[in-house]
*Asks:* 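Take a look at this one; I'll ask things after.
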Amino acid sequence: MTIKDYEISKDVFNRYKKAFEELLSERYFEMLRLQLEEGKNFSEVAEHFDISATRVKQILARSFQILEKAGYVGKRTVIE
């Protein structure tokens, strides 16, 4: 499963922010928040945490898996 499989809108994030904060570790939540609230890209989030952009993608993908198990997000469906 990759990060491309998921999508969370800013509205959904704001609606469930408290629940997301409780479900995710502090680091996972902060990465998600930086990306969704502040609009930072993977490289900018990586720079903030002094890690690689690839590692950020892995952590965010894991975050989405956790949120999916809790029923807050689902896989993005693309209809062609």
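Because the structure is a prediction, the values reported are computed rather than measured.
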*Asks:* Can you name the closest pair of heavy atoms from Val45 and Gln35 and give their distance?
*Replies:* CG2-N, 4.4 Å

*Asks:* For residues 23-33, which side-chain N or O atoms pair as donor and acceptor with protein atoms under 3.5 Å away, sequence neighbours left out?
*Replies:*
| residue | atom | partner | partner atom | Å |
| --- | --- | --- | --- | --- |
| Ser25 | OG | Tyr28 | N | 3.2 |
| Glu30 | OE1 | Arg33 | NE | 3.1 |
| Glu30 | OE2 | Arg33 | NH2 | 2.8 |
| Arg33 | NH1 | Glu37 | OE1 | 3.3 |
| Arg33 | NH1 | Glu38 | OE2 | 2.9 |
| Arg33 | NH2 | Glu38 | OE2 | 3.0 |

*Asks:* Can you check side-chain contact (heavy atoms from CB on, under 4.5 Å) on Leu67 and Tyr16, steps first, answer last?
*Replies:* CA-CA 10 Å; Leu67 296 175; Tyr16 298 113; over 6 Å; no

*Asks:* Identify, with sequence neighbours excluded, every residue that meets salt bridge (Lys or Arg N to Asp or Glu O under 4.0 Å) alongside Lys10.
*Replies:* none

*Asks:* Considering residues at least two apart in sequence or located in another chain, which fulfil the salt bridge (Lys or Arg N to Asp or Glu O under 4.0 Å) criterion with Glu47?
*Replies:* none

*Asks:* Hey, could you give me the CD/CG distance between Glu44 and Leu34, rounded to the nearest 0.5 Å?
*Replies:* 9.5 Å

*Asks:* Let me know which of Ile59, Leu60, Ile66 forms a side chain to side chain contact (heavy atoms under 4.5 Å, CB included) with Arg62.
*Replies:* Ile66

*Asks:* Shortest non-hydrogen contact from Ala53 to Ala46?
*Replies:* N-CB, 3.6 Å

*Asks:* Could you list the residues that satisfy side chain to side chain contact (heavy atoms under 4.5 Å, CB included) with Ala19, not counting sequence neighbours?
*Replies:* Tyr72

*Asks:* Quick one: side chain to side chain donor-acceptor pair (under 3.5 Å) partners of Gln58, sequence neighbours excluded?
*Replies:* Arg55

